[in-house]
Number of protein chains: 2
Amino acid sequence: MENSTSTTEERILEAAKKVFHCKGFDGARMQEIADEAGVNKSLVHYYYRNKDNIFQAVFEDAFSKLITKLNEIFYSDLDFKSKITIFVSYYVSFLSENSYIPLFILNGLYEKPDMIKAMLKKKNFAPEKLMEQIRKQVKEELHLEIDPFHLYINILALSIFPVIAKPLIQTIFGYSNDQLKQFNEERKTVVPDFILNALKGYENEHRN
Amino acid sequence: MENSTSTTEERILEAAKKVFHCKGFDGARMQEIADEAGVNKSLVHYYYRNKDNIFQAVFEDAFSKLITKLNEIFYSDLDFKSKITIFVSYYVSFLSENSYIPLFILNGLYEKPDMIKAMLKKKNFAPEKLMEQIRKQVKEELHLEIDPFHLYINILALSIFPVIAKPLIQTIFGYSNDQLKQFNEERKTVVPDFILNALKGYENEHRN
DNA sequence: AGTTGGTTTAACCAAGTGGTTAAATATAAT
DNA sequence: ATTATATTTAACCACTTGGTTAAACCAACT
(Lines give C-alpha, C1' and ligand atoms only; values in the text may rest on other atoms or scores of the structure.)
Protein backbone atom coordinates (compact mmCIF):
# COMPACT_ATOMS: atom_id res chain seq x y z
CA MET A 1 0.00 0.00 0.00
CA GLU A 2 2.77 2.44 -0.95
CA ASN A 3 1.40 5.95 -1.36
CA SER A 4 3.47 7.80 -3.96
CA THR A 5 7.16 7.50 -3.06
CA SER A 6 6.99 7.46 0.75
CA THR A 7 6.71 4.42 2.97
CA THR A 8 4.00 4.19 5.57
CA GLU A 9 6.53 4.72 8.33
CA GLU A 10 7.65 7.99 6.74
CA ARG A 11 4.09 9.11 6.24
CA ILE A 12 3.42 8.54 9.93
CA LEU A 13 6.49 10.55 10.90
CA GLU A 14 5.40 13.41 8.64
CA ALA A 15 1.93 13.32 10.20
CA ALA A 16 3.46 13.27 13.68
CA LYS A 17 5.57 16.32 12.85
CA LYS A 18 2.49 18.24 11.80
CA VAL A 19 0.51 17.32 14.89
CA PHE A 20 3.30 17.74 17.46
CA HIS A 21 4.40 21.04 15.95
CA CYS A 22 0.88 22.44 16.12
CA LYS A 23 -0.37 20.93 19.37
CA GLY A 24 2.75 20.23 21.44
CA PHE A 25 3.36 16.98 23.31
CA ASP A 26 0.37 17.12 25.65
CA GLY A 27 -2.02 18.47 23.04
CA ALA A 28 -1.11 15.87 20.43
CA ARG A 29 -3.30 12.78 20.15
CA MET A 30 -2.12 9.46 18.77
CA GLN A 31 -5.46 9.18 17.00
CA GLU A 32 -4.92 12.51 15.26
CA ILE A 33 -1.49 11.43 14.07
CA ALA A 34 -3.00 8.23 12.68
CA ASP A 35 -5.81 10.14 10.96
CA GLU A 36 -3.36 12.64 9.49
CA ALA A 37 -1.28 9.73 8.12
CA GLY A 38 -4.39 7.95 6.88
CA VAL A 39 -3.76 4.81 8.90
CA ASN A 40 -5.16 3.06 11.93
CA LYS A 41 -4.06 4.22 15.36
CA SER A 42 -2.40 1.00 16.41
CA LEU A 43 -0.25 1.06 13.31
CA VAL A 44 1.39 4.14 14.78
CA HIS A 45 2.19 2.06 17.87
CA TYR A 46 3.46 -0.74 15.65
CA TYR A 47 6.16 1.49 14.18
CA TYR A 48 6.92 3.75 17.16
CA ARG A 49 6.05 1.78 20.28
CA ASN A 50 4.73 4.76 22.25
CA LYS A 51 4.12 8.51 22.27
CA ASP A 52 7.50 9.36 23.78
CA ASN A 53 9.31 7.50 21.02
CA ILE A 54 7.57 9.20 18.17
CA PHE A 55 7.94 12.56 19.85
CA GLN A 56 11.65 11.97 20.17
CA ALA A 57 11.90 11.11 16.48
CA VAL A 58 10.12 14.34 15.60
CA PHE A 59 12.25 16.38 17.97
CA GLU A 60 15.52 14.95 16.68
CA ASP A 61 14.48 15.73 13.15
CA ALA A 62 13.63 19.34 13.95
CA PHE A 63 16.69 19.88 16.12
CA SER A 64 19.18 18.49 13.63
CA LYS A 65 17.63 20.59 10.86
CA LEU A 66 18.34 23.69 12.92
CA ILE A 67 21.77 22.73 14.18
CA THR A 68 23.35 21.22 11.08
CA LYS A 69 23.15 24.40 9.04
CA LEU A 70 24.19 26.53 12.00
CA ASN A 71 27.39 24.53 12.48
CA GLU A 72 28.05 24.41 8.78
CA ILE A 73 27.99 28.18 8.47
CA PHE A 74 29.88 29.07 11.64
CA TYR A 75 32.60 26.46 11.03
CA SER A 76 33.25 27.61 7.48
CA ASP A 77 36.28 29.67 6.41
CA LEU A 78 34.35 32.89 5.89
CA ASP A 79 35.13 36.10 7.75
CA PHE A 80 32.83 36.71 10.68
CA LYS A 81 30.77 39.46 9.13
CA SER A 82 29.98 37.31 6.11
CA LYS A 83 29.02 34.50 8.43
CA ILE A 84 26.51 36.75 10.17
CA THR A 85 24.95 37.92 6.92
CA ILE A 86 24.73 34.44 5.47
CA PHE A 87 23.53 32.87 8.70
CA VAL A 88 20.77 35.38 9.29
CA SER A 89 19.39 35.40 5.77
CA TYR A 90 19.47 31.62 5.63
CA TYR A 91 17.88 31.21 9.06
CA VAL A 92 15.18 33.80 8.54
CA SER A 93 14.04 32.16 5.35
CA PHE A 94 14.30 28.63 6.72
CA LEU A 95 12.44 29.54 9.89
CA SER A 96 9.72 31.55 8.24
CA GLU A 97 8.93 28.45 6.19
CA ASN A 98 9.11 26.25 9.29
CA SER A 99 7.77 28.72 11.77
CA TYR A 100 6.59 26.09 14.25
CA ILE A 101 10.04 24.58 14.80
CA PRO A 102 11.67 27.06 17.21
CA LEU A 103 8.78 27.17 19.65
CA PHE A 104 8.43 23.41 19.37
CA ILE A 105 12.07 22.96 20.35
CA LEU A 106 11.92 25.46 23.20
CA ASN A 107 8.81 23.81 24.60
CA GLY A 108 10.48 20.43 24.24
CA LEU A 109 13.41 21.68 26.28
CA TYR A 110 10.98 22.67 29.02
CA GLU A 111 8.75 19.59 28.88
CA LYS A 112 11.28 16.82 28.27
CA PRO A 113 14.68 18.04 29.45
CA ASP A 114 15.89 14.54 30.27
CA MET A 115 14.95 13.18 26.87
CA ILE A 116 16.71 16.10 25.21
CA LYS A 117 19.85 15.70 27.31
CA ALA A 118 20.02 12.03 26.37
CA MET A 119 19.64 12.94 22.72
CA LEU A 120 22.39 15.57 22.86
CA LYS A 121 24.70 13.05 24.47
CA LYS A 122 23.85 10.39 21.89
CA LYS A 123 24.62 12.75 19.02
CA ASN A 124 27.56 14.10 21.04
CA PHE A 125 26.73 17.65 20.11
CA ALA A 126 29.36 19.97 21.58
CA PRO A 127 28.56 23.68 21.64
CA GLU A 128 31.89 24.52 23.29
CA LYS A 129 33.76 24.07 20.03
CA LEU A 130 31.38 26.39 18.25
CA MET A 131 31.72 29.01 20.98
CA GLU A 132 35.51 28.75 20.87
CA GLN A 133 35.46 29.33 17.12
CA ILE A 134 33.26 32.40 17.55
CA ARG A 135 35.29 33.71 20.47
CA LYS A 136 38.50 33.45 18.47
CA GLN A 137 37.14 35.22 15.42
CA VAL A 138 35.52 38.03 17.41
CA LYS A 139 38.77 38.72 19.25
CA GLU A 140 41.44 38.11 16.65
CA GLU A 141 39.65 39.21 13.50
CA LEU A 142 37.38 42.01 14.67
CA HIS A 143 39.30 43.06 17.81
CA LEU A 144 36.04 43.66 19.63
CA GLU A 145 35.59 43.70 23.38
CA ILE A 146 32.01 42.50 23.22
CA ASP A 147 31.34 39.22 25.04
CA PRO A 148 31.09 36.60 22.26
CA PHE A 149 28.38 34.65 24.04
CA HIS A 150 26.18 37.72 24.36
CA LEU A 151 26.82 38.49 20.71
CA TYR A 152 25.90 34.94 19.78
CA ILE A 153 22.67 35.09 21.77
CA ASN A 154 21.89 38.48 20.21
CA ILE A 155 22.27 37.02 16.74
CA LEU A 156 20.00 34.11 17.61
CA ALA A 157 17.48 36.43 19.29
CA LEU A 158 17.19 38.76 16.30
CA SER A 159 16.87 35.82 13.89
CA ILE A 160 14.60 33.56 15.86
CA PHE A 161 12.34 35.77 17.98
CA PRO A 162 10.38 37.42 15.18
CA VAL A 163 9.50 33.96 13.88
CA ILE A 164 8.36 32.79 17.29
CA ALA A 165 6.42 36.02 17.70
CA LYS A 166 4.47 35.41 14.49
CA PRO A 167 1.10 35.11 16.25
CA LEU A 168 1.95 38.19 18.30
CA ILE A 169 2.61 40.19 15.15
CA GLN A 170 -0.51 38.82 13.49
CA THR A 171 -2.93 38.79 16.39
CA ILE A 172 -1.80 41.92 18.22
CA PHE A 173 -0.48 44.09 15.41
CA GLY A 174 -2.99 42.72 12.92
CA TYR A 175 -0.52 41.84 10.17
CA SER A 176 -1.96 39.84 7.27
CA ASN A 177 -0.16 36.82 5.82
CA ASP A 178 1.20 38.95 2.98
CA GLN A 179 2.41 41.68 5.31
CA LEU A 180 4.12 39.07 7.47
CA LYS A 181 5.79 37.57 4.42
CA GLN A 182 7.14 40.97 3.43
CA PHE A 183 8.22 41.62 7.00
CA ASN A 184 10.24 38.39 7.02
CA GLU A 185 11.73 39.25 3.65
CA GLU A 186 12.85 42.62 4.98
CA ARG A 187 14.46 41.05 8.01
CA LYS A 188 16.98 39.22 5.84
CA THR A 189 18.70 42.56 5.29
CA VAL A 190 17.49 44.53 8.32
CA VAL A 191 18.94 42.10 10.88
CA PRO A 192 22.47 41.80 9.41
CA ASP A 193 22.55 45.58 8.99
CA PHE A 194 21.50 46.06 12.59
CA ILE A 195 24.14 43.67 13.91
CA LEU A 196 26.96 45.02 11.77
CA ASN A 197 26.06 48.57 12.74
CA ALA A 198 26.18 47.56 16.37
CA LEU A 199 29.62 45.99 15.90
CA LYS A 200 30.82 49.17 14.21
CA GLY A 201 29.72 51.00 17.34
CA TYR A 202 31.92 48.75 19.47
CA GLU A 203 34.93 49.48 17.28
CA ASN A 204 34.61 53.22 17.91
CA GLU A 205 33.88 52.75 21.57
CA HIS A 206 36.69 50.42 22.48
CA ARG A 207 39.48 51.74 20.23
CA ASN A 208 40.87 54.16 22.75
CA MET B 1 -10.60 29.07 56.70
CA GLU B 2 -8.55 32.14 55.67
CA ASN B 3 -4.94 31.22 55.07
CA SER B 4 -2.78 34.21 55.99
CA THR B 5 -4.05 37.26 54.10
CA SER B 6 -5.22 35.71 50.83
CA THR B 7 -8.70 34.45 50.09
CA THR B 8 -9.26 30.95 48.80
CA GLU B 9 -10.11 32.31 45.38
CA GLU B 10 -6.79 34.13 45.19
CA ARG B 11 -4.92 31.06 46.38
CA ILE B 12 -6.51 29.05 43.57
CA LEU B 13 -5.53 31.65 41.02
CA GLU B 14 -1.96 31.63 42.28
CA ALA B 15 -1.89 27.85 42.08
CA ALA B 16 -3.34 27.98 38.57
CA LYS B 17 -0.65 30.41 37.50
CA LYS B 18 2.06 28.07 38.69
CA VAL B 19 0.57 25.02 36.99
CA PHE B 20 -0.39 26.67 33.70
CA HIS B 21 2.96 28.44 33.44
CA CYS B 22 4.87 25.20 33.91
CA LYS B 23 2.64 22.77 32.04
CA GLY B 24 0.74 24.83 29.49
CA PHE B 25 -2.99 24.54 28.86
CA ASP B 26 -3.06 20.90 27.74
CA GLY B 27 -0.50 19.74 30.27
CA ALA B 28 -2.24 21.40 33.21
CA ARG B 29 -4.61 19.30 35.31
CA MET B 30 -7.46 20.71 37.35
CA GLN B 31 -6.53 18.24 40.09
CA GLU B 32 -2.99 19.58 40.19
CA ILE B 33 -4.25 23.14 40.51
CA ALA B 34 -6.46 22.06 43.38
CA ASP B 35 -3.61 20.21 45.10
CA GLU B 36 -1.29 23.18 44.66
CA ALA B 37 -3.92 25.44 46.24
CA GLY B 38 -4.59 22.92 49.00
CA VAL B 39 -8.28 22.55 48.20
CA ASN B 40 -10.62 20.03 46.65
CA LYS B 41 -10.87 19.86 42.87
CA SER B 42 -14.50 20.82 42.62
CA LEU B 43 -13.84 23.97 44.58
CA VAL B 44 -11.77 25.12 41.63
CA HIS B 45 -14.85 24.59 39.46
CA TYR B 46 -16.97 26.44 41.98
CA TYR B 47 -14.93 29.62 41.58
CA TYR B 48 -13.95 29.34 37.90
CA ARG B 49 -16.62 27.26 36.19
CA ASN B 50 -14.24 25.48 33.81
CA LYS B 51 -10.66 25.14 32.62
CA ASP B 52 -10.98 27.77 29.90
CA ASN B 53 -12.16 30.35 32.40
CA ILE B 54 -9.33 29.90 34.82
CA PHE B 55 -6.83 29.80 31.99
CA GLN B 56 -8.17 33.10 30.73
CA ALA B 57 -7.80 34.64 34.18
CA VAL B 58 -4.20 33.49 34.34
CA PHE B 59 -3.48 34.70 30.83
CA GLU B 60 -4.98 38.13 31.42
CA ASP B 61 -2.93 38.53 34.54
CA ALA B 62 0.33 37.64 32.80
CA PHE B 63 -0.44 39.69 29.72
CA SER B 64 -1.36 42.85 31.58
CA LYS B 65 1.75 42.55 33.74
CA LEU B 66 3.84 42.63 30.56
CA ILE B 67 1.90 45.30 28.71
CA THR B 68 1.23 47.81 31.48
CA LYS B 69 4.88 48.53 32.14
CA LEU B 70 5.72 48.53 28.43
CA ASN B 71 3.12 51.21 27.72
CA GLU B 72 4.08 53.18 30.80
CA ILE B 73 7.69 53.45 29.68
CA PHE B 74 7.15 54.09 25.98
CA TYR B 75 4.43 56.70 26.60
CA SER B 76 6.52 58.67 29.06
CA ASP B 77 8.23 61.97 28.27
CA LEU B 78 11.74 60.56 28.17
CA ASP B 79 13.97 60.80 25.12
CA PHE B 80 14.01 57.62 23.07
CA LYS B 81 17.45 56.43 24.08
CA SER B 82 16.56 56.67 27.75
CA LYS B 83 13.39 54.78 27.07
CA ILE B 84 15.37 51.94 25.54
CA THR B 85 17.80 51.75 28.45
CA ILE B 86 15.06 51.88 31.06
CA PHE B 87 12.78 49.50 29.21
CA VAL B 88 15.43 46.85 28.65
CA SER B 89 16.84 46.87 32.15
CA TYR B 90 13.35 46.76 33.64
CA TYR B 91 12.17 44.02 31.33
CA VAL B 92 15.22 41.84 31.70
CA SER B 93 14.95 41.87 35.47
CA PHE B 94 11.18 41.43 35.47
CA LEU B 95 11.33 38.58 32.97
CA SER B 96 14.23 36.77 34.56
CA GLU B 97 12.17 36.62 37.75
CA ASN B 98 9.09 35.51 35.81
CA SER B 99 10.82 33.50 33.16
CA TYR B 100 7.81 31.37 32.35
CA ILE B 101 5.59 34.26 31.31
CA PRO B 102 6.81 35.03 27.77
CA LEU B 103 6.64 31.45 26.54
CA PHE B 104 3.30 31.02 28.28
CA ILE B 105 1.91 34.00 26.41
CA LEU B 106 3.33 32.95 23.06
CA ASN B 107 1.92 29.47 23.45
CA GLY B 108 -1.40 30.95 24.48
CA LEU B 109 -1.46 32.99 21.28
CA TYR B 110 -0.98 29.77 19.33
CA GLU B 111 -3.36 27.59 21.32
CA LYS B 112 -6.20 29.99 22.04
CA PRO B 113 -6.08 32.77 19.44
CA ASP B 114 -9.81 33.42 19.63
CA MET B 115 -9.80 33.73 23.38
CA ILE B 116 -6.88 36.14 23.18
CA LYS B 117 -8.51 38.24 20.48
CA ALA B 118 -11.63 38.55 22.60
CA MET B 119 -9.53 39.60 25.57
CA LEU B 120 -7.65 42.24 23.60
CA LYS B 121 -10.93 43.64 22.34
CA LYS B 122 -12.41 43.68 25.84
CA LYS B 123 -9.43 45.59 27.22
CA ASN B 124 -9.37 47.64 24.01
CA PHE B 125 -5.63 47.41 23.81
CA ALA B 126 -4.42 49.44 20.84
CA PRO B 127 -0.85 48.90 19.68
CA GLU B 128 -1.21 51.42 16.84
CA LYS B 129 -0.92 54.32 19.24
CA LEU B 130 2.25 52.90 20.73
CA MET B 131 3.74 52.36 17.28
CA GLU B 132 2.84 55.90 16.22
CA GLN B 133 4.58 57.27 19.30
CA ILE B 134 7.71 55.24 18.52
CA ARG B 135 7.61 56.12 14.83
CA LYS B 136 7.43 59.81 15.63
CA GLN B 137 10.30 59.78 18.10
CA VAL B 138 12.56 57.69 15.85
CA LYS B 139 12.02 60.06 12.94
CA GLU B 140 11.82 63.46 14.56
CA GLU B 141 14.17 63.03 17.48
CA LEU B 142 16.80 60.64 16.16
CA HIS B 143 16.42 61.32 12.42
CA LEU B 144 16.98 57.66 11.67
CA GLU B 145 15.91 55.88 8.53
CA ILE B 146 15.48 52.54 10.29
CA ASP B 147 11.97 51.10 10.12
CA PRO B 148 10.47 51.74 13.59
CA PHE B 149 8.58 48.46 13.63
CA HIS B 150 11.72 46.47 12.92
CA LEU B 151 13.50 48.44 15.63
CA TYR B 152 10.68 47.72 18.05
CA ILE B 153 10.77 44.00 17.28
CA ASN B 154 14.56 44.03 17.66
CA ILE B 155 14.26 45.58 21.10
CA LEU B 156 11.70 43.00 22.14
CA ALA B 157 13.76 40.18 20.64
CA LEU B 158 16.94 41.12 22.49
CA SER B 159 15.05 41.55 25.76
CA ILE B 160 12.73 38.59 25.61
CA PHE B 161 14.50 35.84 23.67
CA PRO B 162 17.30 35.13 26.15
CA VAL B 163 14.68 34.60 28.83
CA ILE B 164 12.69 32.23 26.65
CA ALA B 165 15.92 30.46 25.74
CA LYS B 166 16.74 29.80 29.39
CA PRO B 167 16.51 25.99 29.04
CA LEU B 168 18.56 26.22 25.86
CA ILE B 169 21.32 28.09 27.66
CA GLN B 170 21.15 25.73 30.63
CA THR B 171 20.62 22.40 28.88
CA ILE B 172 22.73 22.96 25.78
CA PHE B 173 25.42 25.33 27.01
CA GLY B 174 25.41 23.84 30.49
CA TYR B 175 25.03 27.10 32.41
CA SER B 176 24.38 26.71 36.14
CA ASN B 177 21.73 28.75 37.94
CA ASP B 178 24.38 31.17 39.19
CA GLN B 179 25.93 31.60 35.76
CA LEU B 180 22.50 32.26 34.30
CA LYS B 181 21.79 34.84 36.96
CA GLN B 182 25.01 36.64 36.14
CA PHE B 183 24.26 36.37 32.42
CA ASN B 184 20.87 38.06 32.96
CA GLU B 185 22.51 40.73 35.10
CA GLU B 186 25.00 41.47 32.34
CA ARG B 187 22.27 41.76 29.75
CA LYS B 188 20.81 44.80 31.51
CA THR B 189 23.77 46.77 30.20
CA VAL B 190 24.83 44.66 27.21
CA VAL B 191 21.49 44.94 25.42
CA PRO B 192 21.03 48.73 25.65
CA ASP B 193 24.67 49.17 24.62
CA PHE B 194 24.14 46.89 21.65
CA ILE B 195 21.01 48.73 20.52
CA LEU B 196 22.44 52.21 20.98
CA ASN B 197 25.58 51.21 19.12
CA ALA B 198 23.45 49.94 16.28
CA LEU B 199 21.53 53.21 16.16
CA LYS B 200 24.81 55.12 16.08
CA GLY B 201 25.70 53.05 13.04
CA TYR B 202 22.53 54.19 11.31
CA GLU B 203 23.40 57.83 11.97
CA ASN B 204 26.74 57.46 10.19
CA GLU B 205 25.30 55.43 7.38
CA HIS B 206 22.33 57.55 6.50
CA ARG B 207 23.71 61.05 7.13
CA ASN B 208 24.90 61.56 3.61
C1' DA C 1 -31.72 26.58 68.90
C1' DG C 2 -32.84 27.62 64.20
C1' DT C 3 -32.16 29.77 59.85
C1' DT C 4 -29.54 31.58 56.30
C1' DG C 5 -25.67 32.23 53.28
C1' DG C 6 -21.45 31.26 51.50
C1' DT C 7 -17.86 27.67 51.58
C1' DT C 8 -15.95 22.98 51.25
C1' DT C 9 -16.16 18.29 50.39
C1' DA C 10 -16.59 13.06 48.71
C1' DA C 11 -18.52 10.42 45.35
C1' DC C 12 -19.68 9.96 40.88
C1' DC C 13 -19.93 10.14 35.53
C1' DA C 14 -19.37 10.18 30.51
C1' DA C 15 -15.88 10.88 27.34
C1' DG C 16 -11.58 10.42 26.12
C1' DT C 17 -6.59 8.80 26.78
C1' DG C 18 -2.37 5.83 25.53
C1' DG C 19 -1.60 1.33 24.80
C1' DT C 20 -2.50 -4.02 23.86
C1' DT C 21 -3.98 -8.02 21.41
C1' DA C 22 -5.20 -11.22 18.27
C1' DA C 23 -7.06 -11.79 14.09
C1' DA C 24 -7.28 -10.42 9.06
C1' DT C 25 -5.06 -9.16 4.89
C1' DA C 26 -1.71 -8.52 1.40
C1' DT C 27 2.83 -9.91 -0.70
C1' DA C 28 6.07 -12.74 -2.19
C1' DA C 29 8.79 -17.25 -2.11
C1' DT C 30 8.59 -22.22 -2.34
C1' DA D 1 -1.74 -24.07 -3.61
C1' DT D 2 0.94 -23.58 0.55
C1' DT D 3 3.80 -21.35 3.47
C1' DA D 4 6.05 -17.52 5.58
C1' DT D 5 6.44 -12.76 6.45
C1' DA D 6 5.31 -8.11 6.79
C1' DT D 7 1.51 -4.94 7.03
C1' DT D 8 -3.03 -3.42 8.55
C1' DT D 9 -7.04 -3.55 11.16
C1' DA D 10 -11.18 -3.71 14.76
C1' DA D 11 -12.13 -4.52 19.26
C1' DC D 12 -10.84 -3.98 23.65
C1' DC D 13 -8.82 -2.33 28.37
C1' DA D 14 -7.33 0.15 32.40
C1' DC D 15 -6.87 4.65 33.59
C1' DT D 16 -7.29 9.63 33.57
C1' DT D 17 -9.68 13.59 32.14
C1' DG D 18 -12.87 17.76 32.92
C1' DG D 19 -17.00 18.41 34.89
C1' DT D 20 -21.47 17.53 38.00
C1' DT D 21 -24.16 16.78 42.09
C1' DA D 22 -25.86 16.67 46.43
C1' DA D 23 -24.74 16.67 50.84
C1' DA D 24 -21.95 18.55 54.84
C1' DC D 25 -19.83 22.31 57.18
C1' DC D 26 -19.50 26.80 59.37
C1' DA D 27 -19.89 31.36 60.65
C1' DA D 28 -23.23 35.21 61.57
C1' DC D 29 -27.63 36.80 62.63
C1' DT D 30 -32.56 36.27 64.58
Side-chain angles (χ1 to χ4, degrees), chain A residues 1-60 104 107-108 110-112 114-116 118, chain B residues 1-60 104 107-108 110-112 114-116 118:
Chain A
M1 191 69 74
E2 293 280 297
N3 204 339
S4 69
T5 57
S6 61
T7 69
T8 305
E9 187 171 355
E10 286 167 346
R11 259 163 46 228
I12 292 176
L13 186 65
E14 283 305 310
K17 277 184 209 170
K18 233 186 236 181
V19 176
F20 276 125
H21 286 155
C22 294
K23 307 285 180 79
F25 182 81
D26 291 311
R29 299 284 162 251
M30 298 298 273
Q31 185 61 60
E32 197 178 346
I33 294 174
D35 291 347
E36 182 73 37
V39 299
N40 187 283
K41 179 172 66 116
S42 56
L43 188 58
V44 179
H45 282 94
Y46 172 80
Y47 283 110
Y48 304 87
R49 253 178 44 240
N50 53 41
K51 200 181 181 182
D52 272 3
N53 267 301
I54 193 166
F55 178 82
Q56 191 166 353
V58 172
F59 189 92
E60 281 192 29
F104 170 72
N107 280 321
Y110 270 103
E111 289 167 5
K112 304 265 171 189
D114 296 336
M115 180 190 279
I116 314 300
Chain B
M1 191 69 77
E2 295 280 296
N3 205 340
S4 69
T5 58
S6 60
T7 69
T8 306
E9 187 172 356
E10 287 167 344
R11 259 164 45 231
I12 292 176
L13 187 65
E14 283 306 310
K17 278 184 208 170
K18 231 186 237 181
V19 176
F20 275 124
H21 286 154
C22 294
K23 306 284 180 78
F25 181 82
D26 291 312
R29 299 284 162 250
M30 298 297 273
Q31 185 61 60
E32 197 179 346
I33 294 173
D35 291 348
E36 182 73 39
V39 299
N40 187 283
K41 179 172 66 117
S42 57
L43 188 58
V44 180
H45 282 93
Y46 172 80
Y47 284 110
Y48 305 85
R49 253 180 40 242
N50 53 41
K51 201 182 183 184
D52 272 4
N53 266 302
I54 193 165
F55 178 81
Q56 191 165 353
V58 172
F59 189 91
E60 280 192 30
F104 171 72
N107 280 322
Y110 271 104
E111 289 167 6
K112 303 266 171 190
D114 296 337
M115 179 190 280
I116 315 301

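The basis for the numbers below is simple: all heavy atoms, side chains too, and nothing from hydrogens, waters or symmetry mates. Residue numbers start from 1 in every chain, and the chains themselves are labelled A, B, ... in the order their sequence lines are given, proteins ahead of strands.
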### Query
Taking the side chain of A:Tyr46 as heavy atoms from C-beta outward, which of C:dT17, C:dT8, D:dA6 is closest to it?
D:dA6
### Query
Parallel under 30°, tilted from 30 to 60°, perpendicular over 60°: which one fits the rings of A:Phe59 and A:Phe104?
tilted
### Query
Which part of the nucleic acid does A:Ala28 contact within heavy-atom distance under 4.0 Å: base, sugar-phosphate only, or nothing?
sugar-phosphate
### Task
Please work out whether the ring planes of A:Phe25 and A:Phe55 are parallel, tilted or perpendicular, with thresholds of 30° and 60°.
perpendicular
### Task
Determine the contact category for A:Asn40: base if any of its heavy atoms lies under 4.0 Å from a base atom, sugar-phosphate if only primed atoms, P, OP1 or OP2 are that close, otherwise nothing.
base
### Query
Whole-Å distance between C:dG18 C1' and A:Phe20 CZ?
11 Å
### Message
Please compare B:Gly38 and A:Met30 by the position of their nearest nucleotide in DNA chain C and report the one closer to 5'.
### Response
B:Gly38
### Summary
Rounded to whole Å, the CZ-P distance (A:Arg11 to D:dT7) equals 12 Å
### Message
I need the NE2-P distance between B:His45 and C:dC12, as an integer number of Å.
### Response
18 Å
### Query
Within this structure, what is the NZ-to-C1' distance between B:Lys41 and D:dT20, rounded to whole angstrom?
9 Å
### Message
Heavy atoms from C-beta onward define the side chain here; which of C:dT8, C:dG19, D:dT20 lies closest to that of B:Tyr47?
### Response
C:dT8
### Query
Roughly, in whole Å, what's the span from CD in A:Glu32 to P in C:dG16?
14 Å
### Summary
In whole angstroms, the gap separating P of C:dT20 from CG of A:Leu43 amounts to 14 Å
### Query
Whole Å only: how far is the CD1 atom of A:Ile12 from the P atom of D:dT7?
11 Å
### Task
Could you work out which one of C:dT20, C:dG19, C:dA10 sits closest to the side chain of B:Ser42?
C:dA10
### Query
Taking only N and O in the side chain of A:Arg29, is any of them less than 4.0 Å away from OP1 or OP2 of C:dG16?
no
### Message
Closer than 4.0 angstrom, basic N to acidic O: yes or no for B:Asp35 and B:Arg29?
### Response
no
### Message
Let's test your reading of the model: under 3.5 Å, does the base of C:dG19 pair with the side chain of A:Lys51 as donor and acceptor?
### Response
no
### Query
When you measure from the side chain of A:Lys112 to the backbone N and O of A:Asp52, does any donor-acceptor pair fall under 3.5 Å?
no
### Query
Do A:Lys17 and A:Glu14 sit within salt-bridge range, that is, some charged N less than 4.0 Å from a carboxylate O?
yes
### Task
Quickly work out the B:Tyr48 OH to C:dT7 C1' distance and round it to whole Å.
15 Å
